[in-house]
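First listed ligand is number 1; within each ligand, the first listed atom is number 1. Just so you know, these numbers use all the heavy atoms, side chains as well, and skip hydrogens, waters and symmetry mates.
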Amino acid sequence: QLNAVIFDLDGVITDTAEYHFIAWKQLAEQLGITFDRAFNEQLKGVSRMESLERILALGGQTDRYTMAEKEALAHQKNEHYKQLIARMTPDDLLPGMLDLLRELKRQNIKIGLASASKNAFTVIERLGIREYFDTIVDAAKVQNSKPHPEIFLTAAEQLRVDPSTCIGVEDAQAGVAAIKAANMFAIGVGDKEALKEADYIVETTADLTYDAIVRAFYRE
Ligand code: G6P
Ligand code: MG
């Protein structure tokens, strides 16, 4: 039985995954490190400091900066990111997402948010969709980052539903792994190859209709 759908935010509800990419890319280039979209897949769903560590490792610069310098670099990236999200409006919801949230509400299925971003509340507010969520679990409320299942398990607990009755929706490798580790049904949005661990994959959110996800869930 399907009781809840728990969504990742960046790259699923809105295209902030692109803003994270732009902001990290600019910082990396400033440090003389080039990275492409394939590498960026490994940053999706990963916390701010861990993302910075992975970029520095990519450039062979792991030991070049002090902790204080790393914090300054992460801060710089975040300031750029905040500029990018400052102008977001409800028009920035990805195709089909508002319809899906509405239909889930209508069908009395609980809705959760599981985002590793400290900016999650700001983005949800800007999109005007706060009212749809029965729970929001963000980076401030968990110890372990994706692929650890904690963030999805915490959401299920707060919704008072068994994880096996939940669908998790993710655009990140680490996120799909977290959903599976939480014993939930995993829906991946995006690249088939990158998200191959998912139980069901759609290319874009336009394919994420209520009927499609319910059919996929009960087929298992
Ligand atoms: C999400 C995104 C990552 C981002 C992380 C932290 O998981 O997919 O790209 O690095 O959140 O976001 P923050 O807004 O806290 O820097
Ligand atoms: Mg994401």
the protein heavy atom lying closest to atom 16 (O) of ligand 1 turns out to be Arg48 NE, 2.7 Å
the protein heavy atom lying closest to atom 6 (C) of ligand 1 turns out to be Ala116 O, 3.6 Å
Margin query: When you measure from the heavy atoms of Ser51 to every atom of ligand 1, does any distance fall below 4.0 Å?
Written below: yes
heavy-atom search around atom 8 (O) of ligand 1 in the protein gives Gly45 N, 2.8 Å
Polar contacts were defined as any N/O atom of the residue lying under 3.5 Å from an N/O atom of the ligand; does this apply to Asn119 and ligand 1?
yes
- Would you say Trp24 has any N or O atom under 3.5 Å from an N or O of ligand 1, going by distance alone? no
Item to check | N, O or S from Glu170 under 2.8 Å to the Mg ion (ligand 2) | outcome: no
Taking Glu69 for its side chain and Thr66 for its backbone only, find out whether a donor-acceptor pair lies under 3.5 Å. yes
The answer for which part of Ser117 has a heavy atom under 4.0 Å from ligand 1 is both
When rounded to the nearest 0.5 Å, the distance separating NE2 of His80 from CD1 of Ile85 is 11.5 Å
> Purely on distance, is any nitrogen or oxygen of Asn78 under 3.5 Å from one on ligand 1?
Replying inline: no
When distances are taken from atom 5 (C) of ligand 1, the protein heavy atom at minimum range is Val46 O, 3.3 Å
Short version for Leu9: what comes under 4.0 Å of ligand 1, heavy atoms counted, is neither
Going by the 4.0 angstrom heavy-atom rule, the piece of His20 near ligand 1 is side chain
Value for CG (Leu159) from CG (Asn3), rounded to nearest 0.5 Å, stands at 9.5 Å
Among non-hydrogen protein atoms, atom 1 (C) of ligand 1 lies closest to Asp10 OD2, 3.2 Å
